[in-house]
Amino acid sequence: MKFNEIEKKWQNYWESKKSFEAINGTQKPPYYILVEFPYPSGSGLHVGHVRSYTAQDALARMKRMQGYNVLYPMGWDAFGAPAEQYAIKNHIHPKEAVQENIKTFKKQMKTLGFSFDWSREFATTDPDYYKWTQWQFLQFYKNGMAYKDTIPVNWCPKCKSVLSNEDAAGGVCERCGSKVVQKEKSQWMLRMSDYSEDLLTGLEDTNFAERVKLGQINWIGKSIGANINFKIDGTDKEFTVFTTRCDTLFGATYCVLAPEHEYILDITAKDKLDEVKAYIDKCATKNEMERTELNKEKTGVFIGAYAINPVNQEKIPIYISDYVLASYGTGAIMAVPAHDTRDYEFAKKFDIPIIQVLEEVTGVPKEEESFKNSIVAIVHNPKDGKYLTINWGKNGGRLFVGGTRCDGESAVDCAVREIAEETGYTDLELIGEDFKINHHYYAYNKDKYFEIEATPILFELKSDKREKQKLDEDENFEVEWVDKKVVEKEVVYELHKKSFEYVLDPGAMIGDGIHINSGFLNGLNKQEAIDKMIEWLEENGCGEKKVNYKMRDWIFSRQRFWGEPIPMIYCEKCGWVPMKEEDLPLLLPDVAEYEPTEDGESPLANITDWVNTTCPCCGGAARRETDTMPNWAGSSWYFLRFMDPHNDKAFASMDAMKYWNRVDWYNGGMEHTARHLLYARFWVQFLYNIGLVPNKEMIWTRVSHGMVLGSNNEKMSKSKGNVINPDDIVKEYGVDTLRVYEMFMGDYQMDVSWSTDTLRGCKRFLDKVIRLYDKVEDKKGFTASLEMIQNKTIKKVTDDLLNLGYNTAISALMILANNYDNLESISKDDYNLLLTLLNPIAPHVTEELNEMIGYSPICEGKWPVCDESKIVEEEKEIAVQVNGKVRATINIRVDEEEESIKEKALKAENVIKHLDGKEVVKIIVIKGKIVNIVVK
RNA sequence: GGGCGUAUGUCGGAAUUGGUAGACGAGACGGUCUCAAAAACCGUUAGUAGUAAUACUGUGUGAGUUCAAGUCUCACUACGCCCACCA
C-alpha cells in the first residue's frame with residue numbers, strides 16, 4: 001500500500017472510532033495538553049506549527065496509552081488585523097475569509113494525523129464564544145477593574161488608522177511609510193497593575209520553564225527602591241522622587257521633573273516662567289516616538305528654583321526635561337551624573353557638577369594594606385594616534401606611566417611630574433581626569449599589600465620636547481609609543497586596562513564598588529549602602545522604601561472592526577452603562593465596508609444603525625462603544641472553554657473546570673511567553689478572585705519551542721523564498737517522515753534550520769522499520785538477546801517524551817532498529833514493541849505494520865513499562881586516567897570492590913608505561929565510572 | 001543601553017548533569033550487488049604525526065576552581081530573541 005493510502009486509512013479509523021475524544025468526568029485520571037491555537041492566516045500551516053503540534057501529539061498519544069483521559073484540543077484565534085485588511089481590500093466580511101482559512105488549516109491538520117479532539121473546536125470569532133469574552137469584560141467592569149483613560153496612540157495620518165507599536169516601529173507607518181504622530185484617545189483600560197505582585201508570586205505555583213518565568217518576572221519589572229522627599233528652597237513645598245539607587249544620594253547634584261509634573265509652575269522663578277512654559281508646550285507637541293528616541297540630544301530648562309538634598313542640606317538646582325517620564329515612578333528624579341548614563345549626558349550638556357560617590361574595585365582586597373593616592377597617566381599623541389607606554393619586559397609587561405601622589409600634590413601635578421621623570425616628555429595638554437578606581441595589589445619589591453585610590457588622567461602630547469629622565473636604579477624599562485591595538489593587547493594589568501577604558505570612553509560609572517564622599521555610607525558596597533540609606537531615610541522622615549513595577553495597566557481598546565465589540569453604552573444622562581448580560585452577545589454587524597473613520601474611530605462608528613441604541617438604564621437615546629477588544633482578549637481564557645466548549649449557561653461549568661483542574665502542559669512560541677501568558681494569568685486570577693474558576697493559576701507546565709528557520713538559517717518568508725510548505729513534504733515523503741523529521745531536527749526548545757537531507761535520513765529510518773517486517777517470525781515472547789536494549793529504549797523514550805527530548809528519543813529508536821536489523825529474525829512481540837514506541841511520533845505506518853502482524857491497534861493498547869531488572873548491567877567498561885588523561889580502559893563488575901579496581905587499573909598495560917619513573921600520589925576511584933591515578 | 005539565551009567535526013546535533021567528547025542522523029570517500037543507475041548493504045570519516053601501537057592538540061576567546069571542566073566561577077567576543085531615556 002502507498003503511504004498516502006495508509007495515512008487515509010488510519011485517519012478514517014480514528015475518526016470513526018472517536019479515538020481521541022476526551023470525556024468529561026470519567027474515572028481515568030485527566031491530563032490536559034494544550035498547544036497555542038493558531039491565527040488562521042491565509043498562507044496555511046507553517047512547518048513550525050507542525051513541529052509543536054507533533055511534539056504535543058506524541059505526548060498525548062503516549063499519555064492515552066498510559067491510561068489517562070487526555071484532552072488535546074484545537075481551535076482558532078481568528079480575530080485580528082490581517083483579516084480586516086483583507087476585508088477592506090476585497091469588500092467582504094472578514095468572517096468569510098476567516099472561515100476559508102480555517103477550512104484550509106483544519107484540512108492540513110487532519111492530513112498530519114494530529115490526535116486533536118475536534119468535537120471541542122471553536123473560534124474566538126464565534127458569537128457563542130465571544131459572548132463570554134464580552135460577559136467577562138462586564139465582570140471586569142462591574143468589579144471596578146475596567147475604566148476609561150486618555151492615552152496617546154500611534155496614528156498614521158495617511159492610512160487614517162491607529163497603529164500598534166509594532167506597526168509604528170521607528171516612528172514610521174509600516175504600511176505606507178508616512179510619519180507616525182501621537183493622538184490622544186479615550187480608551188478602556190484593565191487594572192492589571194493591581195495584580196503585579198500576585199502575578200509575580202503566582203509563578204511559584206506553576207511549573208513554567210525557568211526562562212519563561214524569567215520573561216514574566218522581567219516584564220513585571222519589580223524594583224525595590226526608595227521615595228525621597230526634597231524640600232524646595234525658600235518655600236514650604238516639597239516633591240518626591242523615586243530611585244533604585246538611593247545609595248548615591250550624596251552624589252545628587254540636581255533634580256529633574258517631568259514636564260507634566262503638577263508643581264512646576266508653582267515653584268518656577270518668575271523670570272523663568274516664559275521659558276519653562278515654552279518648553280512644556282514644546283514637549284506636549286512632541287510625540288512619544290520623538291521623546292523616546294535613542295541617542296537624542298538631551299534638552300531641558302532650569303526653572304530657577306533649588307531643592308534641598310535631605311542627606312547633606314546641599315542646595316541643588318531643579319530642571320525640567322522630557323527624559324523623565326511622568327508615567328514612571330513619581331515623575332521626578334534626583335540626578336546623579338557620576339553614576340547614571342542619562343544624568344551624565346545631561347550634566348555634561350548643562351555644565352552641572354559631577355560628584356563621584358562610588359569607586360570601582362580592582363584587584364583583591366587583603367587584610368593588612370597600606371594606603372596610597374596615585375595616578376595612571378595616559379598620554380596620546382594626536383599626530384600619529386599612538387599612546388605613551390613604558391615596557392618593563394619580563395619584569396612587569398607594558399604599562400602606562402603611574403605613580404604615587406606626594407602630600408598635598410594634586411592628581412594632575414603628580415601625573416605631569418611622573419611623566420617627566422619617567423619619560424622626559426613635558427609639553428602636554430590636560431584632556432581630563434576620570435573617575436577614581438579603588439585598586440588592591442601586592443608589591444614584590446616591598447613585600448607589602450597596598451590599597452590605592454588611582455585617578456586615570458588623559459593628556460595630549462603637544463610637541464616632542466623632552467628632558468632627561470630621572471630614574472631610580474631599579475627602574476629599568478623602555479619608553480615606547482604604541483598604537484591602540486597594541487595597548488589593548490599588551491596592557492593587561494587590570495588597573496591600567498580599566499584606566500584606559502575609562503579615559504577612552506568617558507561616561508557614568510554604573511557598576512558596583514565602594515562608596516566614597518558619602519558620609520555614613522563610606523566603604524560600603526552598593527547593596528549595603530542602599531539598605532543603610534533606606535534605614536536612614538525612614539528614621540529621619542524624609543523618605544521610605546518603595547516598590548515599583550514596570551508593568552502598566554492593560555490598554556484594552558482597539559480602533560478596529562474585527563474584534564470583540566466592547567459591550568458598553570454611552571448615555572448623555574447616565575454616562576457609561578454596561579449592557580445587560582442577557583442581551584449578549586453583542587454581534588458585529590454584517591456589512592461590507594470597513595474603512596476607518598476620518599478621525600481614527602473604529603470602522604464600527606460608521607455603522608449608525610448599529611451605533612445608535614437605547615440606554616439600558618434610562619431608556620433614552622444612547623451610543624454604543626465603537627472600539628473593539630484586543631487580540632489578546634479571546635486568547636486569555638480559551639483554555640477554560642476547551643474544558644466545557646458547548647456550555648450555553650456559563651463560559652465553562654465549575655464542575656468541568658474542577659474535573660480537568662488545570663492545563664497540565666502548555667506549549668507555544670517563545671514570543672508569547674511574556675505578554676500572552678501574562679494576560680492569560682491576569683485574566684484567570686481575576687476570575688478566581690470573583691469565584692469563577694477553581695484555581696488561581698490554571699496552567700501548570702509551560703514550555704516554549706524554538707522557531708523553524710529556512711535552510712539558509714533565516715526566518716522563513718515569502719520574500720526570502722525559503723518557505724517550506726508542509727503539504728509538499730507530505731506529498732513527497734509522507735506524513736510520518738515529516739513528523740519524525742520535525743522531532744529529530746534538533747533541540748525542541750531551540751531554533752533549527754530546515755534540512756531536506758536530514759529529512760531523507762528520517763525516511764530511510766522508516767523504510768528500515770518497514771523492511772524489518774521481513775525478519776518477523778512467528779515466535780512467542782521477546783528475543784532474549786534484545787531484552788536489555790529493549791527495556792533501555794522503553795525507559796529512554798518514555799522519559800524523553802515527557803522532557804522535550806524528542807530528538808534523543810528517536811535516536812534511541814534508531815539504535816533499537818539497528819539492533820533488530822543485526823539479527824536474522826525477530827519475534828512479533830519484538831516488532832510490536834518497536835512499533836508501539838515509535839507510534840506516538842509516526843502513528844500511521846506503525847499502526848499498519850502492527851496490523852500486518854495481526855496485533856490489535858496500538859492506539860487502543862498499553863504503553864510498555866521498563867523492567868528495571870532487565871537493564872542492570874553486570875560488567876562495565878570504565879576508563880583509567882593518569883593525571884586526568886585517559887590511558888586505558890578496564891572491565892569491572894558493577895559491584896566490584898575498590899581495592900580490586902585499583903589493582904586492575906594499575907596493571908593495565910598502557911597505564912604502567914605512564915607510571916614509569918613517577919610516584920603515585922593518590923588513586924581516585926569513582927564506583928562504576930572512572931579511575932584517576934595522580935602521579936608526580 | 002538592559003534582560004534572557006546560544007556558541008561542540010564538513011552539517012543538524014549527543015554527552016548519564018563534574019567522570020572515556022563527538023551518540024544518532026546527514027554529507028563525503030572507498031567497496032559489494034548491477035549491463036548501468038537508483039535502492040540496499042559493508043567499511044572509513046575531529047585535527048596533526050606514524051604502517052601501527054600510540055602520542056600531542058581539540059567543545060567561541062582569556063583566566064580560575066578541581067584528582068578530573070563541553071559542563072562550575074569570572075571577564076571578553078559573536079550571534080539570536082525580547083525590551084528599552086524604567087531613574
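A, B, ... follow the sequence lines: proteins, then strands. Residue 1 opens every chain. These numbers come from the heavy atoms of this one structure, side chains and all, not from hydrogens, waters or symmetry mates.
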Can you check whether A:N218 has a side-chain N or O nearer than 4.0 Å to OP1 or OP2 of B:A84?
no
Proximity to the side chain of A:E877 - top-ranked nucleotide from B:C24, B:U20, B:C67
B:U20
Please measure how far the P atom in B:A63 lies from the corresponding atom in B:U71, and state the result in whole Å.
14 Å
Contact class for A:S755 (heavy atom, under 4.0 Å): base, sugar-phosphate, or nothing?
nothing
State plainly whether the residues A:E345 and A:K298 are in salt-bridge range, i.e. N to O under 4.0 Å.
yes
Looking only at side-chain N and O atoms, does A:R552 come under 4.0 Å of OP1 or OP2 in B:C86?
no
Closest of B:G3, B:G19, B:A87 to the A:I926 side chain is B:G19
Roughly how many Å apart are B:C29 and B:G80, using the P atom of each and rounding to a whole number?
33 Å
How far, in whole Å, is B:C82 from B:G27 if one measures between their C1' atoms?
36 Å
For B:G31, measure the glycosidic angle (O4'-C1'-N9-C4 for a purine, O4'-C1'-N1-C2 for a pyrimidine) and name it syn if it falls within 90° of 0, otherwise anti.
anti
With a cut-off of less than 4.0 Å, is there a side-chain N or O of A:R887 near OP1 or OP2 of B:U20?
no
For A:H914 and B:U54, what is the distance between atoms NE2 and C1' respectively, to the nearest whole Å?
9 Å
Contact under 4.0 Å: A:R764 side-chain N or O vs B:C24 OP1/OP2:
no
So with a 6.0 Å cut-off around CD of A:E875, is the heavy-atom count from everything else above 12?
yes
Pairwise C1' distance, B:U54 and B:U6 [rounded to whole Å]:
37 Å
Per A:N932 side chain, nearest of listed nucleotides B:A68, B:C85, B:A14:
B:A68
Think A:K222 has a side-chain N or O under 4.0 angstrom from the OP1 or OP2 of B:G3?
no
Pairwise C1' distance, B:U66 and B:A78 [rounded to whole Å]:
29 Å
Is the phosphate of B:A14 approached by A:N807 (side-chain N or O, under 4.0 Å from OP1 or OP2)?
yes
If I pick the P atom on B:U73 and the same atom on B:C4, what distance separates them, to the nearest angstrom?
13 Å
Output every pair passing ring-ring contact (aromatic ring centres under 6.0 Å, His included) with a member in residues 909-936 of chain A, not counting sequence neighbours, ordered by first then second residue.
none
Parallel, tilted or perpendicular: ring planes of A:Y319 versus A:Y254, cut at 30 and 60 degrees:
perpendicular
Please check if the side chain of A:H339 supplies one atom and the backbone of A:T248 the other of a donor-acceptor pair under 3.5 Å.
no
Quantified in whole Å, what is the P atom distance between nucleotide B:G3 and nucleotide B:A84?
15 Å
Please classify the nucleic acid contact of A:I815 as base, sugar-phosphate, or nothing, using heavy-atom distances under 4.0 Å.
sugar-phosphate
